[in-house]
Q: 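Okay, handing you the structure first.
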Amino acid sequence: MSRSTRGANLIKDLYIEDWDEIDRFIATAWGPEHPLRDKGLFLWQHSGSVATPQSGIATAAIADDQIVGLRGLQHLSFQIYPENNGLQVVKGCTAPFMHVLKRYRGVLGLKLYRHNLAVYPVNLFLGANKRTSLRLHQGTGYQIYDDLPRFGLRVSENTPKKIVAAADQMIDPEFLADVWTRFSAGYKPFSILRTEAFFRWRYANAPFWKYRMLRSPQEDAVVVYRIEPITHRGKNEGSALRILEFFCDPHNCTEPRLNEFLDRVISFAAAKNCQYIDHFQTMRPLQQSLLNAGFTRISHESATFPVLFNPLNYEKPPINYGWKLSSELQSQMKEQHFAHYVVKSDSDQDRPTPRS
């Protein structure tokens, strides 16, 4: 700890050079075996897509000459469409986690929580703990949604396995950004800005999971996916195809064409011997396309479709999500004039550990 912070109670941004201090806190707070002690994983998770070498990777509460609280930080750009205006890009962040040592919770913990809200015009959360962090969000002006809609399909043994040549390929950030731009021009979603740099950071450079993409023959629709093992009591019982992104060019990708593409995705999963496909998605037109293709809305009451595949779990509650907008942005926008594009990978919910 630097001399300037000794004896002080303060909130401080941390950088790559502070890794040793971050590592010591994680070991103290969560134990020496916690996966976030993997430096490569932590830096990837917390770099974000618009970070620079001067950007912080976490925010810390300092007391008694040491870190006593830590909040993760991902630097992201967001795209919004204020009423009667075109695309506006604003800076924002997500905070994948927050933990304050018990004896320091209270005013110092609240200061740590509020720090990002004061700095970033947009703050996003997914999967807030209903007993702890969700209460903070409710008290600080977040627009909160009870769950992130999930759509699932059980792959039948009779599903046709009609794979189209070259449909499956490595992540192509340039192509993904091009389709996203066309998607945004049509639907004008309120979302994380998905640039070429975003897709490279989030999927192409992911250090543990291997992400790939399927694109339609006409190159106007695409999904980003990964295949996850299904494990039960330590035993592998098959696999599931998890769709992280799904979007299209609404001007060129007609409904029949989009339905055909999703049929190809299902057939691809069948050829890979996947038992399930799932996708978390908030855009209503895309939700309808999934339903047309045979997906169903998976609720927390479901006893037949797993909530988690690795390890197998049917009982975890739905993922909530919410936005905190600056007062300036709130005055520019009205709820009915924009649509959300939120998927599971927008925060820490699809950020694997080295053991996953």
Q: With distance as the sole test, does D249 use its side chain to make a donor-acceptor pair with the main-chain N or O of H251 at under 3.5 Å?
A: yes
Q: Any side-chain heavy atom of I230 within less than 4.5 Å of one from Q275?
A: yes
Q: Which is it for D278 and R150 under the salt bridge (charged side-chain N to carboxylate O under 4.0 Å, His left out) test, yes or no, and what are the steps along the way?
A: CA-CA 7 Å; D278 78 338; R150 184 189 190 208; 2.7 Å; yes
Q: Evaluate the salt bridge (charged side-chain N to carboxylate O under 4.0 Å, His left out) criterion for residues D346 and R194: first the C-alpha distance (whole Å), next the side-chain angles of each, then the deciding distance (0.1 Å), finally the verdict.
A: CA-CA 11 Å; D346 277 342; R194 285 159 161 76; 2.6 Å; yes
Q: Answer yes or no: is there a side-chain heavy-atom contact under 4.5 Å between F280 and P149?
A: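 No. Closest side-chain heavy atoms not under 4.5 Å.
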Q: Do T296 and F151 come within less than 4.5 Å of each other through their side chains, counting heavy atoms only?
A: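 Result no, sub-4.5 Å side-chain heavy-atom pair not found.
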Q: Below 6.0 angstrom between ring centroids: does that apply to Y276 and F309?
A: yes
Q: With heavy-atom distances below 4.5 Å as the criterion, would you say the side chains of L76 and L193 are in contact?
A: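 Counting from C-beta outward, L76 and L193 never come under 4.5 Å.
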Q: Could you please spell out the steps behind the salt bridge (charged side-chain N to carboxylate O under 4.0 Å, His left out) verdict for R297 and D147?
A: CA-CA 12 Å; R297 174 73 186 266; D147 72 310; 2.6 Å; yes
Q: Not counting sequence neighbours, which residues clear side chain to side chain contact (heavy atoms under 4.5 Å, CB included) with K102? List them please.
A: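 By the side chain to side chain contact (heavy atoms under 4.5 Å, CB included) rule, K102 matches R105.
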Q: Could you verify whether a donor N or O on one side chain and an acceptor N or O on the other, from Y203 and S345, lie under 3.5 Å apart?
A: yes
Q: Nearest 0.5 Å, please: how far is CZ in R71 from CD1 in I11?
A: 11.0 Å
Q: Identify, with sequence neighbours excluded, every residue that meets side chain to side chain contact (heavy atoms under 4.5 Å, CB included) alongside S331.
A: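 S331: no side chain to side chain contact (heavy atoms under 4.5 Å, CB included) contacts found.
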Q: With a 3.5 Å cut-off and no angle check, do the side chains of H137 and N320 form a donor-acceptor pair?
A: no
Q: Should the pair Y321 and W323 be assigned to parallel (<30°), tilted (30 to 60°) or perpendicular (>60°) ring geometry?
A: perpendicular
Q: Side chain to side chain contact (heavy atoms under 4.5 Å, CB included) with N273: which residues, sequence neighbours excluded?
A: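 Listed in chain order: K161.
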Q: Taking it one step at a time, do I16 and L43 satisfy side chain to side chain contact (heavy atoms under 4.5 Å, CB included)?
A: CA-CA 8 Å; I16 293 176; L43 295 182; 4.3 Å; yes
Q: Hey, any chance W30 and Y104 share a hydrophobic cluster, counting ILVMFWY side chains that come within less than 4.5 Å of each other, even indirectly?
A: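 Same cluster: W30 reaches Y104 through Ile, Leu, Val, Met, Phe, Trp or Tyr contacts under 4.5 Å.
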Q: Do K272 and F268 pass the side chain to side chain contact (heavy atoms under 4.5 Å, CB included) test, and can you show the C-alpha distance, the side-chain angles, and the key distance before you say yes or no?
A: CA-CA 6 Å; K272 290 290 186 180; F268 173 82; 3.5 Å; yes
Q: On a heavy-atom basis, which atom in R215 and which in D172 lie closest, and how many Å separate them?
A: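 Closest pair (atom of R215, atom of D172, distance): NH1-OD2, 4.2 Å.
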Q: Please find the pair of heavy atoms, one from N292 and one from N259, that lie closest to each other, and give the distance.
A: CB-OD1, 3.8 Å
Q: Between atom OG of S133 and atom CD of Q138, what is the distance when rounded to the nearest 0.5 Å?
A: 9.5 Å
Q: Has the side chain of Q281 got a donor or acceptor atom that lies under 3.5 Å from a matching backbone atom of V343?
A: no
Q: Mind checking the OG-CE spacing from S191 to M283? Nearest 0.5 Å is all I need.
A: 9.0 Å
Q: Between F247 and V179, is a side chain to side chain contact (heavy atoms under 4.5 Å, CB included) present by the stated rule, with each step listed?
A: CA-CA 8 Å; F247 49 85; V179 180; 3.7 Å; yes
Q: For the atom pair CG (L153) and CZ (F295), what is the distance rounded to the nearest 0.5 Å?
A: 5.0 Å
Q: Indicate the atoms forming the closest heavy-atom contact of M170 with M213, along with that distance.
A: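 Nearest heavy atoms, M170 then M213: O-CG, 3.4 Å.
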Q: Please determine whether the number of non-hydrogen atoms from other residues, nucleotides or ligands lying under 6.0 Å from atom CG of D146 exceeds 12.
A: no
Q: If hydrophobic clusters are built by linking Ile, Leu, Val, Met, Phe, Trp and Tyr wherever their side-chain heavy atoms come under 4.5 Å apart, do V50 and L176 end up in the same one?
A: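 Each belongs to a different hydrophobic cluster.
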Q: Listed by chain and number, what are the ring-ring contact (aromatic ring centres under 6.0 Å, His included) partners of F261, not counting sequence neighbours?
A: none
Q: Quick check on E174: does its CD atom have over 12 non-hydrogen neighbours (other residues, nucleotides or ligands) under 6.0 Å away?
A: no
Q: Could you verify whether a donor N or O on one side chain and an acceptor N or O on the other, from Q169 and R212, lie under 3.5 Å apart?
A: no
Q: Just to verify, what does S184 make a side chain to side chain contact (heavy atoms under 4.5 Å, CB included) with, not counting sequence neighbours?
A: Q79, Y81, W180, P189
Q: Which other residues end up in the same hydrophobic cluster as Y120, if Ile, Leu, Val, Met, Phe, Trp and Tyr are linked when side-chain heavy atoms come under 4.5 Å apart?
A: L73, V119
Q: If you look at every heavy atom in A63 and V68, which pair is closest and at what distance?
A: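 Between these two residues, the closest heavy atoms are O-CG1, 3.7 Å.
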Q: Which atom names give the shortest non-hydrogen contact between I67 and F25, and what distance separates them?
A: O-CD1, 3.4 Å
Q: Does K188 use its side chain to pair, donor to acceptor, with the backbone of A185 at less than 3.5 Å?
A: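 Yes, the answer is positive, given that a donor and an acceptor are paired below the 3.5 Å cut-off.
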Q: Salt-bridged, D20 to R24, with N to O below 4.0 Å?
A: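 Looking at D20 and R24, the cut-off is not met.
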Q: When you measure from the side chain of E260 to the backbone of E255, do you find a donor-acceptor pair of N or O atoms at a distance under 3.5 Å?
A: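 A pair under 3.5 Å: no.
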Q: Hey, mind stepping through F246 and Q287 against side chain to side chain contact (heavy atoms under 4.5 Å, CB included) and telling me if it holds?
A: CA-CA 10 Å; F246 165 42; Q287 291 178 357; over 6 Å; no
Q: Main chain of L10, side chain of K111: is a donor-acceptor contact present, judged purely on distance under 3.5 Å?
A: no
Q: Could you tell me whether the side chain of D178 reaches within less than 4.5 Å of the side chain of E196, counting heavy atoms only?
A: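 When only atoms from C-beta onward are counted, D178 and E196 do not touch, as no gap falls below 4.5 Å.
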Q: Is E228 salt-bridged to R226, going by a charged N under 4.0 Å from an acidic O?
A: yes
Q: Would you compute the distance between atom CZ of R114 and atom CG of L136 and round it to the nearest 0.5 angstrom?
A: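 If I round to the nearest 0.5 Å, the distance is 8.5 Å.
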Q: How about C253 and Q218: do any of their side-chain heavy atoms sit closer than 4.5 Å?
A: no
Q: Between Q74 (side chain) and Q45 (backbone), is there a donor-acceptor pair under 3.5 Å?
A: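 Present.
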Q: For the pair H34 (side chain) and L36 (backbone), establish whether a donor and an acceptor sit closer than 3.5 Å, ignoring hydrogens and angles.
A: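 Yes, the answer is positive, given that a donor and an acceptor are paired below the 3.5 Å cut-off.
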Q: For the residue pair H279 / Y225, report whether a side-chain donor-acceptor contact shorter than 3.5 Å exists.
A: no
Q: Check N123 against Y142 and note the closest heavy-atom contact, atom names and distance.
A: CB-OH, 3.3 Å
Q: Do S216 and D220 meet the criterion of a side-chain donor-acceptor pair at a distance under 3.5 Å?
A: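 Yes - a donor-acceptor pair under 3.5 Å links their side chains.
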Q: Backbone N or O of E21 within a donor-acceptor pair of the D18 side chain at under 3.5 Å?
A: no
Q: Once you round to the nearest 0.5 Å, how far does NE2 of H75 lie from OG1 of T94?
A: 10.0 Å
Q: Whether the N310 and T231 side chains hold a donor-acceptor pair (N or O, under 3.5 Å, no angle test) is what I'd like checked.
A: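 The criterion, which ignores hydrogens and geometry beyond distance, is satisfied for T231 and N310.
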Q: Kindly state whether the ring of Y341 and the ring of F183 have centres lying under 6.0 angstrom apart.
A: yes
Q: Are the side chains of I22 and I57 in contact, using a 4.5 Å heavy-atom criterion?
A: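 Sidechains of I22 and I57: in contact.
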